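As the structure is a prediction and not an experimental result, all values here were calculated from the model.
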Amino acid sequence: MDLEKNVKNFFEFESKNTLFKNKINHVSYWDIIRYDVFTELQNQILGDNKPYIYNKKSFVEKSLSSSLAFFRFLYQCLRFIISFFSFALLRKKYDIVFYATGGRKVIDNISINPYCFFQLKELAKSKKILVIETDLNFDRSFQKIGCDYICIPWIIMRIISLFKYLNKKERNEIANLQSLLNKSFNYVLDVKSIVKNNFSPQSLLNSIIKIILKISDPDLTVLTNNGYSKFFLKASRELGIPVIELQHGDTSEFDLVTSYPKITDGEYWVANRVFTFGDFWHDRYNFDSKIVSIGNPIFDKYTKKFNLNGNKEKSVLCISVNSVNFARLIFNASKMDHSVRFYFKLRDSEFKNWKQNYPFLSNTENFTIIDNNHRHLYFYVQICNYVVTTISTVIYEALSQTTSVIVVKDEFFSLVKRLETIGLIKVAKSEKDIIRLIKVDSAPPKVKKNFFYKPNSLVNLVREIDNILK
């Protein structure tokens with residue numbers, strides 16, 4: 001699969017057919033569903049060769065999950081009704097309304113949203129902030145740092161959308177789009193399901209967010225964008241409220257969340273400003289927003305804590321990417337040279353099922369599987385000579401900590417190709433390549449401080465926000 005070619009073809013398809021002008025029920029819908037459409041197209045192209053693992057639940061697990069889901073749904077409904085009506089009655093004015101996406105991660109023994117918690121903690125010292133989420137989380141981490149909070153459950157919007165009637169004109173619009181996609185790409189895409197599961201819930205959320213923004217009257221809105229945030233961007237832009245997007249992970253000019261075709265004739269919604277980790281990321285957002293480097297507070301926090309400044313071991317930190325092929329490649333490489341120690345760091349989501357997903361893996365004299373977070377990732381980055389992975393933000397974190405990086409080439413290599421072009425990474429296609437590159441005694445590439453991560457992120461963030469709110 002050629003990701004770069006697929007994206008360029010998709011952009012051409014969008015421009016040629018002026019899809020940003022298409023409407024359902026008087027609402028432009030293409031910008032809302034395009035990410036889902038492209039993702040489904042990618043899945044069809046990959047077929048059975050998907051690089052990621054999808055664990056299927058047993059009958060017992062499904063039964064328990066369904067029971068828990070029912071009670072969670074009731075809890076979500078009750079929680080939303082109480083919090084929304086309390087908000088409407090109090091009619092509080094806020095400086096910032098923040099839409100937070102992403103789950104929770106335990107950091108310093110606290111369950112938090114790692115993509116925005118530290119930013120909000122700093123901003124809440126001087127600003128009145130309302131945080132909105134659409135995922136159900138039982139912690140009160142945002143409230144504990146002085147933010148007000150509302151959860152508008154996505155699942156409720158999905159269920160309501162199932163009962164939404166599509167008139168003949170709307171059904172024809174969907175059918176025409178599906179036919180156009182099928183003819184252009186030779187794959188059968190279920191556009192009706194995408195509209196039901198994405199566009200309809202976001203339309204409902206957009207209406208609710210507009211009510212919240214009109215009542216709270218914020219001077220600014222901010223969000224972390226997971227690809228399903230158009231309802232928030234649309235509401236902010238239509239009400240004339242400046243909106244900022246915080247970078248929260250790797251991004252690329254081949255990422256449909258941050259990229260558009262050169263000719264975009266019609267309606268689409270992006271932030272007025274994007275706050276990135278560093279200067280490297282600026283041209284990876286190819287839309288007409290002002291791009292500002294501010295940094296990443298988690299990177300600041302833990303590079304200071306784990307700045308060991310010692311001699312690195314003859315060892316390699318391998319970052320799992322939830323892929324059987326990658327795991328097997330690394331394990332086989334470890335067998336080829338016992339003088340090199342391999343640390344295989346699993347993702348948090350893999351801790352429970354790694355023995356099922358990777359039955360061929362085992363701890364050996366020079367291969368250690370890390371299935372916990374007892375030691376921070378940066379500890380291993382600091383002690384190892386190399387980091388080996390495919391696509392991961394750890395690539396940029398390692399390079400910024402003077403640790404060399406080897407990228408194993410796969411279907412998504414286009415996302416990091418620029419790093420090879422500018423000489424910051426080495427590229428491997430096989431076990432032999434990995435061992436050969438590890439054996440090369442070369443100094444790690446030098447990276448300027450502002451390149452991937454600008455220092456003093458929280459100071460930079462507060463300064464930029466204050467300048468906007470003046």
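- Inspection of the Y378 and E397 side chains reveals an N or O donor paired with an N or O acceptor under 3.5 Å.
- Judged by distance alone, the side chains of S229 and N226 do bring a donor and an acceptor atom under 3.5 Å apart.
- Donor-acceptor pairing under 3.5 Å is recorded for the side chains of D139 and S141.
- Remark: the T368 side chain and the N363 side chain contain no N/O donor-acceptor pair separated by less than 3.5 Å.
- In this structure, R328 is not positioned above the aromatic face of F331 in the sense of NZ or CZ being under 6.0 Å from the six-membered ring centre and within 45° of the axis.
- For the ring-ring contact (aromatic ring centres under 6.0 Å, His included) with Y396, the qualifying choice from W281, F277, F451 is W281, the only one to do so.
- Between E14 and W30, the side chains place a donor N or O and an acceptor N or O closer than 3.5 Å (distance only, hydrogens not considered).
- Judged by the 6.0 Å and 45° rule, R341 forms no cation-pi pair with F367.
- Remark: D337 does not engage R436 in a salt bridge, criterion side-chain N to carboxylate O under 4.0 Å.
- Counting heavy atoms from C-beta outward, I434 and Y386 have side chains that stay 4.5 Å or more apart.
- Looking only at distances, a side-chain donor or acceptor of S15 sits under 3.5 Å from a matching main-chain atom of I263.
- For the residue pair N357 / E350, no side-chain donor-acceptor distance below 3.5 Å is found, with atom types taken as modelled.
- Side chain to side chain, R284 and T258 fail the donor-acceptor criterion of an N or O pair below 3.5 Å.
- Of the N and O atoms on the side chains of D36 and N198, at least one donor lies less than 3.5 Å from an acceptor on the other residue.
- The only member of I391, V388, I395 that meets side-chain contact (heavy atoms from CB on, under 4.5 Å) when paired with V407 is I395.
- Ring geometry for Y302 against F306 counts as parallel: the plane angle stays under 30°, on a 0 to 90° scale with 60° as the upper cut.
- Ion pair D279/K449 not flagged as a salt bridge, since none of the NZ, NE, NH1 or NH2 atoms sits closer than 4.0 Å to an Asp/Glu carboxylate oxygen.
- Contact of the D2 side chain with the E4 side chain is registered, since non-hydrogen atoms from C-beta on lie closer than 4.5 Å.
- For the residue pair D348 / N373, a side-chain donor-acceptor distance below 3.5 Å is found, with atom types taken as modelled.
- Side-chain contact annotation: N322 with R347, donor-acceptor N/O pair under 3.5 Å absent.
- Contact of the T403 side chain with the Q382 side chain is not registered, since no non-hydrogen atoms from C-beta on lie closer than 4.5 Å.
- Ion pair D466/R463 not flagged as a salt bridge, since none of the NZ, NE, NH1 or NH2 atoms sits closer than 4.0 Å to an Asp/Glu carboxylate oxygen.
- Looking at residues two or more places apart in sequence or on another chain, you find a ring pair (Phe, Tyr, Trp, His ring centres under 6.0 Å) between F232 and Y99.
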